[in-house]
A.B. asks: 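Structure incoming, see below.
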Amino acid sequence: MRNLFALFFFFSICSCFGQHQDKVDFIQADVFIEPIPLNKEIKGGVIYRFDILQNVDSVFLDAKDMAFTKVELDGKKVDFVKTDKTISIYKKFKKDKSYKLTIEYLAKPKQTVYFLGWGDTIEGNEQIWTQGQGKYTSHWLPSFDDMNEKVEFDLFIQAGRKFDAIANGKLAVVPPQMDDKPVWLFNMEKPMSSYLLAFAIGDYSKQEIASSSGVPIENYYYPQDSTRLEPTYRYTQQIFDFLEDEIGVPYPWQNYKQIPVRDFLYAGMENTGTTIFSDGYVIDSTAFVDKNFVNINAHEMAHQWFGNLVTEKDGNHHWLHEGFATYYAYLAEKEIFGDDHFFWKLFETAKELQEISENGKGQALVDPKASSATFYEKGAWALVMLKDKVGDEAFKKGVSAYLNKHQFKNVTIDDFIKEIELASALNLDGFRAKWLLSTEFPYTDVKTFLMAKNKSIRTFFLSNHSEKDLSVWLYEKWPIEYKEALIDKFEKGIVTGGLEMILMESPYLEVRQKGLQLIQKIPINKKEAVEKLLTDKSYVTQELALYKLWSNFPESQKVYLDATKSVIGLPNKNVRLLWLLLAVATNDYEAQNTTKYFAELSGYTSPEYGWEVRMSAFQYLREIGFTDEGLLNLIYATNHHSWQFKRFARSLIDELLEDEDYKIRIQKLVGKLNEDESRYMNTKLK
Ligand SMILES: [Zn+2]
């Protein structure tokens, strides 16, 4: 999984345990799912086949808040006991015998399955999708919260006629077009943990490509987004081919699918062969420099080996998932964007980790409660340094031995270290102590490594540049990352020396953007030069340029607004939202349209838009005043399924409640809502 705000998100680790693995082994499941969108329910059925390894009196499955309409063992009614978390089947199960368990049920998932767009009047925006990791598949299917139970799942999904259904595995039966209640059958060949089971339903088009080794790859997109297909999925096949080659073990599943969805909880999730990701990464070619999918694409793909093929025994071994996915994604980016990109990215994360460590907040990689910074970034660094220690050949040999030996099973950190020790004939106790057990970040080792490996980083540490020779080093043939690092280092001197314009006239887009960020007062003789940035090939630059020019030159506000009237910007509509705010705030700008523009801005707070769009719209309305519609949407947002957005909405509404006028208006609106909708507000308004 890749978090949107990786550094702020702390993993909740599963502390639940399944039944005794040595007594029961679940082998295969046929799952039938019929989502009922209007009630947000799942009507389902499942047939499990399992072997008994030792005599037992009962078996159980995790099943959250389900009503069971049929429970049969080998075709006959059987005794069962349900709680709000499990279903237990009672029977004298005999060693070495196999059984078939059939369960039919109705679930109303509080989490894990998300229904979007079913309550509004917009055609075609309806979606249903799942997020199993951290949220538990047992909310929609009686299954196993314990990652150690690996089952070969086949999934039948009944979806409405105008939608596509997508799930793990190979589509074995395509329903006839005119079928009133089409059923899609997805067939898996290999076992996986329940948390990796996933489906998505919605209106999609798809691009079908293949890896060099012949694995089918399907890239899904909304029908209206055909021009965004290429920039969004750029380098997909290259990443796939690179990972197969670098890891040295063939991709283990039948195919690979990538599906964007609305209001996803994270950046992406690596369900087996079926990555679901935030449609905030569906971009056009201008947005590619600002925010692209490449890293997430590679990260989730790498999990197909590290996490899905071999799965951690428990949270103590989480490094084996996130550290590895992060590391291999960085290697894939190195392949695409080059060595400098790779080493400077590592340098960035090293500085962050050193700061955390120096503040006494460092964590060990074996700590199951460690933060994302530890699991992802320190985890990736541990692998960089391990490979440096044992050499490329031994590292690669050890990794493939580890994957081959434990494929489709569960693993511990010891399993991995053992294979690297075997392959390298080295004792890794020292590595283990320094990188896995210690809470410190070994910055000195890392700095020495980076200086040895990368010329520009070495020069960065050794040279005696200052902001005074800015125009010299900015034009020297150094990688862009080096220039950016120097600008950050001399930021203060650049601002006090009034040198921002040197940056803004740079041939490098990233440098121009830094200049715009830093400048407050634009000299009149540089007005024209800055105006050129309104059409720079970056939506972040365009947004900044519009705002800075509008603030600096009131007499030209109309010109700037006219010039940027048709720009939308990033998936979060950054340019359009700023434009609407400024259009409303500009004296005499299209006075007849002010109400219309204000309504458009306020309208972007509606649940029909992604939460990133809504968040910006709320922030701007905070500046110029909320309509009742905006306030109502903010109240709805206090119960949103995305924790970042929910937290944002709650803190903004807390702030508004301190204003007496807003408080009265909010109270009135809350009075009209039902129990569910006003859950958070009721705790505030008592
Ligand atoms: Zn991940």
Side-chain angles (χ1 to χ4, degrees), residues 224-232 234 280-294 337 470-471 474-475 480-481 483-484 487 494 498-590 593 597 600-601 604 612-613 616-617 619-620:
Q224 68 272 22
D225 280 345
S226 57
T227 56
R228 298 176 168 204
L229 173 67
E230 186 283 321
T232 301
R234 194 173 292 171
Y281 287 94
V282 177
I283 47 152
D284 64 25
S285 53
T286 302
F288 189 85
V289 295
D290 298 316
K291 181 191 188 182
N292 63 56
F293 182 52
V294 174
F337 301 121
L470 180 70
S471 49
L474 263 190
Y475 286 87
I480 187 69
E481 294 84 1
K483 296 180 166 78
E484 287 180 284
I487 295 167
I494 291 169
L499 304 170
E500 301 95 333
M501 280 314 299
I502 298 175
L503 303 183
M504 271 189 283
E505 285 167 331
S506 158
Y508 305 102
L509 188 144
E510 295 85 346
V511 174
R512 294 196 292 273
Q513 202 177 85
K514 290 239 177 229
L516 261 179
Q517 277 161 358
L518 295 180
I519 200 159
Q520 295 304 328
K521 183 105 194 73
I522 302 171
I524 186 76
N525 63 338
K526 296 293 180 184
K527 186 178 176 218
E528 241 174 85
V530 180
E531 283 169 351
K532 284 198 187 116
L533 302 185
L534 281 172
T535 53
D536 219 359
K537 292 269 174 259
S538 148
Y539 291 129
V540 173
T541 304
Q542 289 180 24
E543 182 193 356
L544 273 168
L546 173 60
Y547 180 69
K548 297 269 164 141
L549 286 164
W550 185 90
S551 319
N552 270 272
F553 305 107
E555 70 283 5
S556 304
Q557 285 173 343
K558 184 178 177 307
V559 179
Y560 302 140
L561 288 168
D562 283 345
T564 50
K565 199 171 183 174
S566 61
V567 185
I568 304 295
L570 293 170
N572 69 1
K573 304 188 194 293
N574 65 326
V575 181
R576 183 62 184 170
L577 291 177
L578 174 67
W579 189 93
L580 289 167
L581 175 78
L582 299 182
V584 171
T586 304
N587 277 338
D588 296 334
Y589 182 71
E590 296 187 15
N593 287 328
Y597 292 142
E600 186 185 336
L601 180 59
Y604 285 128
E612 287 154 301
V613 174
S616 304
Q619 277 163 332
Y620 286 149

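All heavy atoms count here, side chains included; hydrogens, waters and symmetry mates do not. Throughout, residue positions are numbered sequentially from 1 according to the sequence presented.
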A.B. asks: Quick one: does any side-chain atom of Gln542 pair with a main-chain N or O of Asp536 as donor and acceptor, under 3.5 Å?
C.D. replies: yes
A.B. asks: Would you say the side chain of Met501 lies within less than 4.5 Å of the side chain of Val530, judging by non-hydrogen atoms?
C.D. replies: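 Result yes, sub-4.5 Å side-chain heavy-atom pair found.
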A.B. asks: Measure the OG-CG distance between Ser538 and Leu516 for me, rounded to the nearest 0.5 Å.
C.D. replies: 9.5 Å
A.B. asks: Atom CD in Glu510, atom CD in Glu481: separation rounded to 0.5 Å?
C.D. replies: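 Between atom CD of Glu510 and atom CD of Glu481 there are 8.0 Å.
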A.B. asks: Does Asn552 have any side-chain hydrogen bond (donor to acceptor under 3.5 Å, both in side chains) partners at least two apart in sequence or in another chain, and if so, which?
C.D. replies: none
A.B. asks: Holding to side chain to side chain contact (heavy atoms under 4.5 Å, CB included), I want the full list of residues that pass it with Ser285, two or more places apart in sequence or in another chain.
C.D. replies: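 Side chain to side chain contact (heavy atoms under 4.5 Å, CB included) list for Ser285, sorted by chain: Pro231, Arg234.
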A.B. asks: Are more than 12 heavy atoms from other residues, nucleotides or ligands located less than 6.0 Å from atom CD of Gln224?
C.D. replies: yes
A.B. asks: Any side-chain to backbone donor/acceptor pair from Lys291 onto Leu570? Under 3.5 Å, distance only.
C.D. replies: no
A.B. asks: Nearest 0.5 Å please: distance from the CG atom of Leu503 over to the CG atom of Leu470.
C.D. replies: 5.5 Å
A.B. asks: Under a 3.5 Å distance rule, please check whether Lys514 uses its side chain to pair with a backbone N or O of Glu484 as donor and acceptor.
C.D. replies: no
A.B. asks: Applying side-chain contact (heavy atoms from CB on, under 4.5 Å) to Val584 and Leu601, what does each step give before you reach the verdict?
C.D. replies: CA-CA 9 Å; Val584 171; Leu601 180 59; 5.5 Å; no
A.B. asks: Atom OG in Ser471, atom OH in Tyr475: separation rounded to 0.5 Å?
C.D. replies: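 Spacing of OG (Ser471) from OH (Tyr475) equals 8.0 Å.
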A.B. asks: Under the side chain to side chain contact (heavy atoms under 4.5 Å, CB included) rule, collect the residues that match up with Glu600, sequence neighbours excluded.
C.D. replies: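 Testing Glu600 for side chain to side chain contact (heavy atoms under 4.5 Å, CB included), a comparison that skips the adjacent residues, returns Arg576, Leu580, Tyr597, Tyr604.
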A.B. asks: Could you list the residues that satisfy ring-ring contact (aromatic ring centres under 6.0 Å, His included) with Phe337, not counting sequence neighbours?
C.D. replies: Tyr235, His341
A.B. asks: Are any non-hydrogen side-chain atoms of Val540 and Val289 less than 4.5 angstrom apart?
C.D. replies: no
A.B. asks: Among Asn572, Asp284, Asp290, Asn574, whose side chain to side chain donor-acceptor pair (under 3.5 Å) with Tyr539 holds?
C.D. replies: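 Single pass found, and it is Asp284.
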A.B. asks: Any salt bridge between Glu590 and Lys565, counting N to O under 4.0 Å?
C.D. replies: yes
A.B. asks: Donor-acceptor check, side chain of Thr232 to backbone of Ile283, threshold 3.5 angstrom: yes or no?
C.D. replies: yes
A.B. asks: Heavy-atom distance under 4.5 Å between the side chains of Ser556 and Lys527, does that happen here?
C.D. replies: yes
A.B. asks: Within the supplied structure, the quantity of interest is the number of heavy atoms (other residues, nucleotides, ligands) at a distance under 6.0 Å from Phe553 CZ; does it exceed 12?
C.D. replies: yes
A.B. asks: Parallel, tilted or perpendicular: which one describes the rings of Tyr589 and Trp579, with boundaries at 30° and 60°?
C.D. replies: perpendicular
A.B. asks: Can you measure from CG (Leu534) to CG (Leu544) and round to the nearest 0.5 angstrom?
C.D. replies: 11.0 Å
A.B. asks: Please identify each residue that fulfils side-chain hydrogen bond (donor to acceptor under 3.5 Å, both in side chains) with Lys573, with sequence neighbours left out.
C.D. replies: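 Residues passing side-chain hydrogen bond (donor to acceptor under 3.5 Å, both in side chains) with Lys573: none at all.
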A.B. asks: So do Gln557 and Leu582 actually touch side chain to side chain, heavy atoms under 4.5 Å?
C.D. replies: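 No, side chains not in contact.
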A.B. asks: Not counting sequence neighbours, which residues clear side-chain hydrogen bond (donor to acceptor under 3.5 Å, both in side chains) with Thr586? List them please.
C.D. replies: Trp550
A.B. asks: Any ion pair linking Lys526 and Glu505 (charged N to carboxylate O, less than 4.0 Å)?
C.D. replies: yes
A.B. asks: Is it the case that atom CG in Asn525 sees more than 12 heavy atoms from other parts of the structure closer than 6.0 Å?
C.D. replies: yes
A.B. asks: Which heavy atom of Gln513 sits nearest to which heavy atom of Thr541, and what is that distance?
C.D. replies: NE2-OG1, 2.9 Å
A.B. asks: If I take atom CD1 from residue Ile522 and atom CG from residue Leu549, how far apart are they, to the nearest 0.5 angstrom?
C.D. replies: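 Going from CD1 on Ile522 over to CG on Leu549, the span is 4.5 Å.
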